[in-house]
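A quick write-up on the structure given underneath.
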Amino acid sequence: MKEEGGGERRELPLVGRARAHGDRTAIRATEGSFTYDDLMSASEAVARALLGERDDLGEDRVAFLVPPDFQYAAVQWGIWRAGGIAVPMAVSHPPRELAYVLEDADPVAVVAHPSLMERLGEARGLPVLSSAALVGGAAGGRFGASPEGSALRVLPDVDSSRRAMMLYTSGTTGRPKGVVTTHANVEAQVRSLVEAWAWTPEDHILLTLPLHHVHGIVNVLTSALWSGAHCTILPNFQEAAVWNEIARDDLTLYMAVPTIYAKLLAAWELAPPERRQAWSEGCRSLRLMVSGSAALPVSMLERWREVSGHTLLERYGMTEIGMALSNPLEGERRPGFVGRPLPGVDVRLVGEDGRPVDDGEPGEIEVRGPTVFSEYWRRPDETEASFHDGWFSTGDMAVLEDGAYRILGRSSVDIIKTGGFKVSALEVEEVLRTHPSVADCAVVAVPDPEWGERVAVALVLAAGVSEPPGGTELRAWMKEQLAPYKVPSLFMTLPELPRNAMGKVTKPAVQELFAEDGAGVDPE
Ligand code: AMP
């Protein structure tokens, strides 16, 4: 882009590309339908309002609490275009957790949707700005409402090496940490996915994921806007609404977590035959459906294939690294596996001695490359401890078998050390879910003086099953499929599993349930 007076201005590639996409539809949401030009002018209005008299936010943090909608994208881009670090907060989180983010991120301002302002309480005395007012008035009022005079000033140059975003880790283990990524990191994450999954401007994706997490932000929204594609946003997840969008016949992509696919399947099973047919037929216009952020049970992959005709593409990633491993777009997608490294991502598995392991041996996943985050916010020791020789240690265990990676789980919660053996909770869960009485389950470690840890399982019974299967019988059944030391020896039944906002099972909460007196039945 040329500056008045002839000089070349540095503009973020994402923004420059949007300028070129002009009057194509960028976002359709509850607020209406918006073009790339609309996004450019709305985000410019936000940037100008945030800047006020300043020339550049200079990587100051701006936290924002805005539901998934056009306003969300306009605020996020406005922060970026003003030179700030965008800190999205989870709209499902209670005041206490929002207060933690405000405390830790130390922002200069908070932008909140008018409907959510109350949730912020005093907001530590920070200026709280209304997203609706910044974007230039709620639906209907178009944009460009800049404070007088400031429209004459150009927005700051923002180089990709600057810090762009701070996402708080899910906190399934320990207190959430701010994961800081630069614009270059986000661009590398997006470019890798755009190449691997062949995004084009003709794509149309449905977004039903929360926008405080890498999955919704990078894989869906930013990849779509980078590509000049069309993103339809549903503000919250409702099974029938998602199915109806799919049945509208013009989507090409859908990406979700396994819990969402489970809910869609459950709604499909309950629907009358003609609706089932319309929903299943709607899946035909899609060219790709992706699952990730938690292990996809093979039984779910198979049922989804029967219902939709799609073999879900499972991929593996993490807030700190974006996506790292993916099944192929073309070619065989192996159930239970997460494929190979994505373009531009180096992946290796290392043993406890930090050395690469042989194929077929379990090891910790380490990742290197431009997609890897820059730091944990104000936690230099934790940042340093998570890198070895330039590789980021993910804390996840995997094994490479016949050229594809299989995730064994997080070493802190999913790898159970019992009587000198190591057991992958994910492998045991996979087997248990094939039992007709079991709808879902979570396998955890319970401390034990004799074994070090015992393998324990919380079961959710299948619909219509009121009595849990006898522990002895279940153990005998499992021993036919798993080595004896992998078979759980403590059982409990729950109406549902505790999950976080992303739908991931919070295993420490399951462990706490087992820690309660008398909890967990030992069948022997
Ligand atoms: P988050 O940073 O919230 O995205 O969580 C990342 C974690 O989710 C990873 O470290 C893995 O433990 C887990 N995860 C992501 N994708 C998968 C997958 N396909 N299979 C199993 N676990 C996964």
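Order of appearance sets the numbers: ligands from 1, and atoms from 1 within every ligand.
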Practice task
State which residue, out of E332, R333, R305, E302, fulfils the side-chain hydrogen bond (donor to acceptor under 3.5 Å, both in side chains) condition with T311.
Solution key: R305

Practice task
State whether the shortest distance between N or O atoms of T319 and N or O atoms of ligand 1 falls below 3.5 angstrom.
Solution key: yes

Problem - Polar proximity ligand 1 side, K504 side, N/O cut 3.5 Å exclusive - result: yes

Problem - Location of contacts on M318 toward ligand 1, heavy atoms closer than 4.0 Å - result: both

Handout entry: Structural part of A294 in contact with ligand 1, heavy atom criterion under 4.0 angstrom
Key = backbone

Problem - ligand 1 contacted by D396 (non-hydrogen, < 4.0 Å) - result: yes

Problem - ligand 1 contact by T169, heavy-atom criterion under 4.0 angstrom - result: no

Using a 4.0 Å cutoff against the non-hydrogen atoms of [X], which atoms of ligand 1 qualify?
X	answer
H213	1 (P), 3 (O), 4 (O)
E314	18 (C), 19 (N), 20 (N)
V338	19 (N)
R315	16 (N), 18 (C), 19 (N)

Problem - Evaluation steps, side-chain hydrogen bond (donor to acceptor under 3.5 Å, both in side chains), between S161 and H183 - result: CA-CA 6 Å; S161 62; H183 287 283; over 6 Å; no

Handout entry: Distance, nearest 0.5 Å, that separates CG of N236 from OG of S92
Key = 11.0 Å

Practice task
Examine Y168 together with Y376 and report whether their ring centres are nearer than 6.0 Å.
Solution key: no

Handout entry: Contact check, side chains of I27 and I233, non-hydrogen atoms, under 4.5 Å
Key = yes

Exercise for the section: Using a strict 4.0 Å threshold on nitrogen-to-oxygen distance, state whether D104 and R379 make a salt bridge. Expected result: yes

Practice task
Please say whether more than 12 non-hydrogen atoms of neighbouring residues, nucleotides or ligands are located less than 6.0 Å from CH2 in W268.
Solution key: yes

